[in-house]
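We name chains A, B, ... by the order of the sequence lines, and we start the count at 1 in each one. Note that these values count all heavy atoms, side chains included, but never hydrogens, waters or copies made by symmetry.
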Amino acid sequence: MSSDHLTRRGLLQGSAVLAAAAPTLSANATTPRTIGANAMMPVELTVNGREVHLQLDPRTSLLDALREHLHLTGTKKGCDHGQCGACTVIVEGRRINSCLTLAVMHDSEAVTTIEGLGTPDKLHPMQKAFIVHDGYQCGYCTPGQICSAVSVLEEIKAGIPSHVTDDLDEVAISEAELRERMSGNICRCAAYPNIVAAMRDVAGEAKA
Amino acid sequence: MRPFTYERATSVAAAAKAAASVQGARFIAGGTNLLDLMKLQIETPTHLVDVNHLGLDRIEKTDDGGLRIGALVRNTDLAADKAVRRDYAVLSRALLAGASGQLRNKATTGGNLLQRTRCPYFYDTRMPCNKRQPGSGCGAMQGMSRSLAILGVSDACIAQHPSDMAVAMRLLDAQVDTMGADGVARSIPIADFHLLPGDTPHRETALKAGEIITSVTLPKPIGGTHVYRKVRDRASYAFALVSVAAVFGKDGSARFAFGGIGAKPWRTPEADAAAKQGAKAVAEAALTGARTTHHNDFKTLLVERTLTSIYRQRETRA
Amino acid sequence: MKFDTPAGPNPIDRGRVIGIPHDRIDGPAKVTGSAPYAYERHDAAPNAAYGWMVGSAIAKGRIAAMDLRAAEAAPGVLGIVTHANAGKLGKGSMNTAPLLGGPQIDHYEQAVALVIADTFENARDAAKLVRIDYAAADGKFDLAADQAKGVKPDGGDPDTAAGDFEAGFAKAAVKVDQRYTTPDQSHAMMEPHATTAAWNGDKLTLWTSNQMIAWGVGEVAKTLGIPKDNVRLVSPYIGGGFGSKLFLRADALLAALGAKQVGRPVKVALARHQIPNNTTHRPATIQRIRIGADKDGVIDAIGHEVWSGDLPGGGPETAAMQTRLLYRGPNRMTAHRLVTLNLPEGNAMRAPGEAVGLLALEVAMDELAEACGVDPVELRIRNDVQYDPEAGPQRPFSSRKLVECLRAGADHFGWAKRNPKPGQVRDGRWLVGMGVAAAFRNNLVQKSGARIGVDAKGRVIVETDMTDIGTGTYTIVAQTAAEMLGVPLDQVTVRLGDSRFPVSAGSGGQWGANSSTAGVYAAAMALRAKLAEQAGYPADQALFEDGLVKLDNKSQTLASLAGRDGLWAEDSMDYGDLDKRYAQATFGAHFCEVGVDIDTAEVRVRRMAGAFAAGRILNPKSARSQVIGAMTMGVGAALMEALDVDTRFGFFVNHDMAEYMVPVHADIPQQDVLFVDELDDKSSPMKAKGVGELGICGAGAAVANAIYNATGLRLRDYPLTIDKLLKAQAA
């Protein structure tokens, strides 16, 4: 019986090997930014137009740097594994999952989060459209949806094809295109048709 | 995620050297799979060599009319590249069928080749898994194996290779270009790049310690009609149950590669040879040696049906 | 205020604010990311340490030994909570298994420790160093294998009967007798269970994500053995619940214990991969449905039996409930049987009972329609009944517009174009089919309170511990207050989800909207009386509009009447026996068109429409969103959602969002929602009923029936995935 196997194994939560001590780097390696494990590393980011300087554990994801260190909690942690899209932010003009990247990997880069798109007093057109079309319910996936939605319209403009693009050289906006491109942002409340309506609205394609 | 040291490499040679000089070092590029696994301590590198700034992000023509794709070219950029769209549409299609827009913006060409399995027993560190912890057994074989491989599997492991891109690369006979820690470059045919599990499912590629993928080279375009058909449990953002990459020539000849069913991106000359006999014959040839469980035995039928669908659509469009 | 006689005309009927599709008032906060969720309270608990839960690696047995030394020695670790140091803990009355396990282990991923560290990264790593030796015991994990061991559950109405089912069924001209199965499902709300906990002396504050504030306070107090007065729950924004956050869960308990141990605030969010096995899920069911009808499809006998499993002390999935009320038939029976399993805890998920009961019943009705050669819409109309068919005509429905929904929906959807013969319609590579299913969900009412005031500026403020889990509570509460006091919507402030506010109905069982606004109605009536008295007008003659209290041609502003200190009133709405005297339920009809790939059996929903009768629709915009969201969850249930059970190790294998499939954007096409006009004067003064769960009820069956119409393949084992469709086709 398999549970026997488990018992005898004497489970360690991790694998059988305890965390190794910090490795010593050989002297001849070219390691301009190497420092010891557990040591903090300086990271400089431009977040929503503002330059910030952080000292971070290299293990810190960009998502946790934003939420826990910069207190920009608009960016959400839904799964922390790139499976839901709630953490979507725009880095150097491209939307990415901020949970699946380390903050140190983005030293000197520009990050736009939901807070950078607009504020309650000065909403981004996409934020406004989400309100008008009820493109959310619980609100937790919403910042990620909006960051994606803004980027998706740019990606279509830039001629980047998608899985549902018939002719790879003819990229145009359509409901099917928006749905496919937004599929990396899960909304369990399922405001999906409303989000698509909001995007069409912003794209100047409001459905009559 | 275990503590690690981090460095940003400044040259390919330095990166390879750095990785080889530290035990447990790993390269990190897009990070979309590596960090996923590091958070669960399935991957536990002691040192990360960030290769994102090595300039390996160009797509250029080779002297013999092929295409050299830098290892750091992002999936989005590769799929959207004009030459790829025109000459290697199956690759664009495969890339666009995978993951999500966000992930494709980050994931790289080299990294995608190194993507590890989605077997749920590999992912749960409390379960036995020969791939994750050699000798611990396989939780999947007698467990929930619906998504797992039916070809190239062994008594030790039935994990599936999850990549879409790699299936297209396999179809196109890509070469994986690398540089070793010793500074020596080599090219590995994609067919030899991924290893079958055998008794050592933890060994997944032909890469040696410190060896870094620098580019992937495609031979000159083969023309034809390019198809990538992916069947999955929802319309998007899901791994393949079965995928088929195909290029059809005008004379009805074709080549095929398969995803979702193999321990590695799957291709057999017998399947290509059966092209003119139709979907059923191709499926039969491709599935020679298939080993199924009662959870994933539908995949044999689904391979045939997916091929049928491809043939049917060709007829419709003809 | 007591609601014990049907509502007459009242201020809500004016419909100047109520019933209008206003944008959500919490919209600007949500779309800018400024709405604070439980793990984000840097404002309230600025120095919070990070807790990481360790879950059990076995499903059943005991912890033989725990070795914390390596974890304690890890960088940044501040403390570790385990059963050995947590002190004596009670168990919440709504928890089946203890939230902190050990030495006994009740299910896989049951919490066994919380590792607290200065940073998230340190906590997560140190948790991996907790070494636990288990003594595993054999458990039961296979519902089908143990079906025969099912017993009659305690409480509820496990067995119901009227007439003589067996005799009626035996002599029926047309019979359906089928077995249906539904899998375990996961709520998969987007925000993980999360809590920030802080102690101030013996006072505990939990900023948490919880649908039911007052329940939560009581359960925390009971579990920790402290007075309720020492517990404060704050939950203004909840990133989805669907039933998973009805109860105190491990995040909150562990955060409280951790904060106590390390003497500073601690926050805990369950990791996504821990959630399906650590928290609750919708239990799998096996259902047998027998329907006997005459040749015209008129039902004479209907029986529905349900088997489900749960941990010892748990409860059944009441999937036969709707069958007691939905269709006519003098001879009827339902039965629920509960099988003891050692899988994680089963409990409520959006429309518990009906959501999976209708996946079976409404397919059985489709099968009956075909057997009788009667159109499925017409069949349901023929079997409508305007009273509780168990109790007889003396217990009528308060309002029942199923037939109107079926007709309006069919008309809108173009049902008449459906080819009744399966497998006939092709569109390119797609076989196309249409399906219908009735929607039914009980209407529950719950006592609910609120406090409402007018400040010196004439601004109206409402406070209640009611929650907004995405349902639109902020907005409909504000609309109710605005309507009652005659002010524009933007003059109302709503404060929710704090146990310092009056106890409300909370969010569950789709009772939230109607019950909580009825509570606001009660408080507003009390405030109107105070304001009228202040104005010197008779309360029953005063008119509240335009920010004024008016009598004939006299008027005074709310601000002036409120005075410098403002004027406040508090009341709650309590209910008499109208829900006993009348059957109360919400109804609807789902229509769905699918395409099924002729070769690969991939299913794509092409369009959906539904018509619903749920009393007064308080805000058609947010109500529509609730319904389409629920319809989508129904699509998930029909096509993809299932927790896969490993019956050897006793756990749900696909425990993350990559492997547990829920619908994505690309799965969901156009969804049309019609609301059929209805005011239910026996439900509450709002004349509203619930709508948040109605949309899932029957939606999946409409998909299944459409697949049958498209292909002729009748699958009865959910979800209807490609592998099952291909095998059915090949068979």
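In this structure the side chain of A:Q55 reaches within 4.5 angstrom of the side chain of A:P42, judged on heavy atoms. Contact check for C:Y660 versus C:R272: no side-chain heavy atoms found under the 4.5 Å cut-off. For the pair A:T113/A:L70, no side-chain contact is recorded, criterion being any heavy-atom separation below 4.5 Å from C-beta on.
More than 12 heavy atoms of other residues, nucleotides or ligands shown are found within 6.0 angstrom of CG on A:D167. Around the NZ atom of A:K128, the shell of radius 6.0 Å holds no more than 12 heavy atoms that belong to other residues, nucleotides or ligands.
Proximity to chain C is limited to the side chain of A:D64, based on heavy atoms less than 4.5 angstrom apart. With a 4.5 Å cut-off on non-hydrogen atoms, C:M190 touches chain A through its backbone and its side chain both. Both the backbone and the side chain of C:I668 come within less than 4.5 Å of a heavy atom in chain A. There is no contact between C:P36 and chain A, counting heavy-atom distances below 4.5 Å. Looking at C:S34, only its side chain comes within 4.5 Å of chain A, counting heavy atoms on both sides. Heavy atoms of A:I195 lying under 4.5 Å from chain C belong exclusively to its side chain. Looking at A:I131, the atoms closer than 4.5 Å to chain C (heavy atoms on both sides) sit in the backbone and in the side chain alike. Contacts of A:I186 with chain C are made by both backbone and side-chain atoms, with heavy-atom separations under 4.5 Å. If you measure heavy-atom distances from C:D656 to chain A, the contacts under 4.5 Å come from both the backbone and the side chain. When heavy atoms are compared at a cutoff of 4.5 Å, C:A35 approaches chain A solely by way of its backbone atoms N, CA, C and O.
Chain A forms the most heavy-atom pairs under 4.5 Å with one residue out of C:G472, C:G629, C:G470, C:G33, and that residue is C:G470. Taking A:T142, A:T75, A:N194 one by one and counting their heavy-atom pairs under 4.5 Å with chain C, the maximum is reached by A:N194. Ranking C:Q626, C:M631, C:Q671 against chain A, the residue ahead of the rest is C:Q626, based on heavy-atom pairs under 4.5 Å. Between chain A and the residues C:S625, C:G239, C:P28, the largest count of heavy-atom pairs under 4.5 Å involves C:S625. Per-residue counts of heavy-atom pairs under 4.5 Å with chain A were compared for C:R24, C:K60, C:R124, C:E659; the largest is that of C:R24. The residue among A:G85, A:A86, A:C79, A:A176 with the most heavy atom pairs within less than 4.5 Å of chain C is A:C79. Interface check for chain A: of the options C:E40, C:R624, C:M657, the most heavy-atom pairs under 4.5 Å are formed by C:E40. When each of C:H187, C:R350, C:H273, C:M189 is scored by its heavy-atom pairs under 4.5 Å with chain A, the top score falls to C:H187. When each of A:M126, A:M182, A:E68, A:E115 is checked for heavy-atom pairs under 4.5 Å with chain C, A:E68 comes out on top. Interface summary for chain C: among A:R179, A:K76, A:H81, the most heavy-atom pairs under 4.5 angstrom belong to A:R179.
Between C:Y50 and C:F120, the ring planes are perpendicular. Angles over 60° get that label, and only those under 30° would be called parallel. Aromatic ring pairs are classed by plane angle as parallel below 30°, tilted from 30° to 60° and perpendicular above 60°; the pair C:F649 and C:F651 is perpendicular.
For C:D125 and C:K128, the salt-bridge test fails: no basic side-chain N is under 4.0 Å from an acidic carboxylate O. Between A:E154 and A:R181, no side-chain nitrogen of the basic residue sits less than 4.0 Å from a carboxylate oxygen of the acidic one, so the salt-bridge criterion is not met.
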- request: Run the numbers on A:E177 and A:R200 for salt bridge (charged side-chain N to carboxylate O under 4.0 Å, His left out), then give the verdict.
  value: CA-CA 11 Å; A:E177 284 283 357; A:R200 296 196 69 140; over 6 Å; no

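The aromatic ring centres of C:Y37 and C:W207 sit 6.0 Å or more apart. The aromatic ring centroids of C:Y108 and C:F141 lie 6.0 Å or more from each other.
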